[in-house]
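Here's the structure, in structure tokens; my notes come after.
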Number of protein chains: 2
Amino acid sequence: MTVVTLKVIAKATGKSITTVSRALNDYDDVSEATKELVRQVAADLGYVPNIFAQRLQKQHTDTIGLILPTFGPRFSDPFFSELLAGVGNRAADLGYDLLVATRAPGEEEVQAYCSMVQGRQVDGFVLVRTRRKDARIECLKKADYPFVAFGRAEEDNDFPYVDEDGVYAMRLVIQHLVSLGHRRIACISPPPDLMFATYRSQGFQDGLAEAGIGAEDLLFRVGDLTQRDGYEQAIVLLDLPSPPTAIVSCNDLMAFGAMSAAQDRGLVVGKDISITGFDDIPMAEYSHPSLTTIHQPIYQIGGMVCEMLIQLIRGEALEKEHILLKPELMVRQSSGLLTV
Amino acid sequence: MTVVTLKVIAKATGKSITTVSRALNDYDDVSEATKELVRQVAADLGYVPNIFAQRLQKQHTDTIGLILPTFGPRFSDPFFSELLAGVGNRAADLGYDLLVATRAPGEEEVQAYCSMVQGRQVDGFVLVRTRRKDARIECLKKADYPFVAFGRAEEDNDFPYVDEDGVYAMRLVIQHLVSLGHRRIACISPPPDLMFATYRSQGFQDGLAEAGIGAEDLLFRVGDLTQRDGYEQAIVLLDLPSPPTAIVSCNDLMAFGAMSAAQDRGLVVGKDISITGFDDIPMAEYSHPSLTTIHQPIYQIGGMVCEMLIQLIRGEALEKEHILLKPELMVRQSSGLLTV
DNA sequence: GTTGACTTCCAAAACGTTTGGGTGTACAGT
DNA sequence: ACTGTACACCCAAACGTTTTGGAAGTCAAC
């Protein structure tokens, strides 16, 4: 099975390589008849262009990069599979490939970015889960590489991103809980170096302040975003001398863990205690009780980020550099009236 | 910022391009002194080889392909994120890139395989979720392309795979439920064209037969593997005139849905009804009640499949072409003694 | 002083494309 | 008969690497 190249088609049609190439690319200095002939023969022979030769020549790769931060071996976050589907499908629609590198966050991850950047393996990057001092952003900006982030960064926000308004979202949650009569509200927050933790914690504090509730350090815990840790942190909260009547988790996975913890303690979630999440992953609707949470259109966000990146790569102007989505509160059964 | 090529280094060191290339690749017909010099200059200039030129020349890509079957827009299966992490991390360890294409199963998916194969974009494929008549397998075999599957195929199993023994696993589940006193056992199975559905259904039937329980068509439902559908199918089962006392789901996600359904009906899972899953995704341990399920080492399987594929690509002999893992039953709280 | 072995280096071809700058023909306008 | 121009085509260079097949130099042995 010898591989079909332009040369083979050239020989078969009696034309030159140049003409074959131009015919296939629909240049207008090739006669219609020749084009037809070339296309026919190419199809018959099953010609497929060698993508590496093309890329070497054209100096761009038609590939976008995405580095998936995999926390630990049992990495399994429905949030990321949905995001990945969003990015991947849109990329395919626009004729781009998706190169995924899985790395644990840290030194090695930044390394991976740099080498993909310098090796020009991809035309641009999708950055997920921005951090406060984000070495990846510095690296990409320094190299003047196109990228779009899902999430903002500290102060200096001078790069294209899509994000949801975490502050506003958390205020919605607190307002909802306060309206149900809750005053002792705990929070399980992500590690503070994650940018979205900042916004969500801020929103939590703001919400409390608006309701005239003082913050209590004991009611604020940091979790690692897994269901397991949501469970652990909730146990700590429930074992306090004066436990909270509501737990606000900064993602759905930890909220599920917290629900299990409460239920293991014999509490009825939505009655004895209210628990809320953030993300609205598909499972949120079908858990028991169903989870009150903030809806993020993850799949669509993936698509938007991908599309912005490709526009950037193509040198087209972005309609909006910064997109901040207004999130929506999904009230379900895990939150309910405070029963005294 | 001009790009650093071998030519630049050659100029800078006063050597030829050949020598620079060979120095960098540690050939032994370059003097130690020259090697040192070249390496030094290359590092100073920040040389990174152009990967496409290399690939064009070497005729292999150091990339493996993985096509993720994304069912619908709200695709979000923790199973796949864990598998992806397993494949991706092992690939990185072995110096390979991972090209991920997300496609909905169907015509277009097969298309994607074919074009990646013919375009020689990847050295080999990881195939996930094999199907009965799997067009992807035919395509890859016909093209004589290296691939390793997670899952077997019908009869003609003549390709390398890793799989778990689904028949055995389901028999374990049934034995467990029978030992708890259950006789009316329902099954929520995946779509039957998925190969693993065959094994798990078979195991289900075998288990019932062993226990001397007759199969009832009404107790056998097909779901689409999502939590939502697990919920729907469980509702149908619970609404039967004579509902089951145990529901065996063929994956964890549907089991979670079924649990919610039972709980919405006011049943206590693990007492009034037993529910089991399959996969043991991380959430299974922290749901409420925790889920009795079959453990699959998904992350490790990803690594194994990846490693086998790379051995295949490198032309090394596989120690074992077919790996069939003996699964383990994790008894947790969602299954309990039948209370009459 | 010729031979051979060894070390160190290099020119040129190759991988499969794309593209800038041609060439040759035909035919119209002057 | 010359110029202009439209058309269909193709040569050759370029992209950045690896590799083949030497060449040039040194040294020792005969």
Side-chain angles (χ1 to χ4, degrees), chain A residues 1-39 41-42 45-63 95 97 115 117-123, chain B residues 1-39 41-42 45-63 95 97 115 117-123:
Chain A
M1 192 192 77
T2 169
V3 50
V4 183
T5 67
L6 288 186
K7 203 186 330 186
V8 175
I9 302 179
K11 199 143 290 174
T13 54
K15 305 292 176 182
S16 75
I17 293 181
T18 305
T19 302
V20 172
S21 170
R22 297 176 109 103
L24 257 15
N25 289 306
D26 208 23
Y27 276 56
D28 54 9
D29 63 351
V30 179
S31 71
E32 229 7 273
T34 308
K35 277 187 194 172
E36 201 41 61
L37 171 69
V38 169
R39 278 198 277 256
V41 172
L45 265 42
Y47 168 74
V48 176
N50 180 313
I51 209 154
F52 299 109
Q54 280 183 327
R55 288 177 180 175
L56 175 59
Q57 164 64 32
K58 306 227 266 201
Q59 301 289 66
H60 59 78
T61 71
D62 290 337
T63 303
D97 285 331
S115 76
V117 165
Q118 301 189 314
R120 301 206 140 35
Q121 271 199 70
V122 295
D123 289 343
Chain B
M1 193 193 79
T2 168
V3 50
V4 183
T5 67
L6 287 185
K7 205 193 317 195
V8 175
I9 301 179
K11 199 142 288 175
T13 54
K15 303 292 176 183
S16 75
I17 293 180
T18 308
T19 302
V20 173
S21 170
R22 297 181 94 91
L24 258 14
N25 288 307
D26 208 23
Y27 276 59
D28 55 8
D29 63 351
V30 180
S31 71
E32 230 6 274
T34 308
K35 275 185 195 171
E36 202 40 60
L37 171 69
V38 168
R39 279 197 276 254
V41 172
L45 266 43
Y47 168 75
V48 177
N50 180 310
I51 209 156
F52 299 110
Q54 279 183 329
R55 288 177 180 176
L56 175 58
Q57 163 65 33
K58 306 226 267 202
Q59 302 288 61
H60 59 79
T61 71
D62 290 337
T63 303
D97 285 331
S115 77
V117 164
Q118 300 189 313
R120 301 206 141 36
Q121 270 198 73
V122 295
D123 289 343

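In what follows, chains are A, B, ... by sequence order, proteins preceding strands, each numbered from 1.
- Residue Ser31(A) is classed as a sugar-phosphate contact, given heavy-atom separations below 4.0 Å to backbone atoms only.
- When heavy atoms are screened at a 4.0 angstrom cut-off, Thr5(B) is found touching the sugar-phosphate backbone but no base atom.
- Between Gln54(B) atom CD and dA14(C) atom C1' there is a gap of 16 Å when expressed in whole angstrom units.
- When the C1' atom of dT17(C) is taken as reference, atom NZ of Lys58(A) falls 9 Å away, rounded to whole Å.
- Close approach of DNA chain D to chain B, defined as any atom under 4.0 Å from a non-hydrogen atom of the protein, starts and stops at dG16(D) to dT20(D).
- Between the side chains of Ser21(B) and Thr18(B), no donor N or O sits under 3.5 Å from an acceptor N or O.
- Looking at heavy-atom distances under 4.0 Å, Asn50(A) makes contact with sugar-phosphate atoms alone, never a base.
- Between the side chain of Thr34(B) and the backbone N or O of Val30(B) there is no donor-acceptor pair closer than 3.5 Å.
- Residue Arg22(B) is classed as a base contact, given a heavy-atom separation below 4.0 Å to a base.
- Sequence order on DNA chain C of the closest nucleotides to Thr18(B) and Ala53(B) puts Thr18(B) first from the 5' end.
- The distance from atom CZ of Arg22(B) to atom OH of Tyr27(B), rounded to the nearest 0.5 Å, is 5.0 Å.
- Using a cut-off of 4.0 Å between Lys/Arg side-chain N and Asp/Glu carboxylate O, Lys35(B) and Asp26(B) are scored as salt-bridged.
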Between Tyr47(A) and Val8(A), does the side-chain contact (heavy atoms from CB on, under 4.5 Å) criterion hold? Intermediate values first, please.
CA-CA 9 Å; Tyr47(A) 168 74; Val8(A) 175; over 6 Å; no
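- One interatomic measurement links the two molecules: CG of Asp29(A) to P of dT18(C), which rounds to 14 Å at whole-angstrom precision.
- If you take CZ of Phe52(B) and P of dT18(C), they are 15 Å apart, rounded to a whole angstrom.
- For Ser16(B), the listed nucleotide lying nearest its side chain is dC10(C); candidates were dC9(C), dC10(C), dG20(C).
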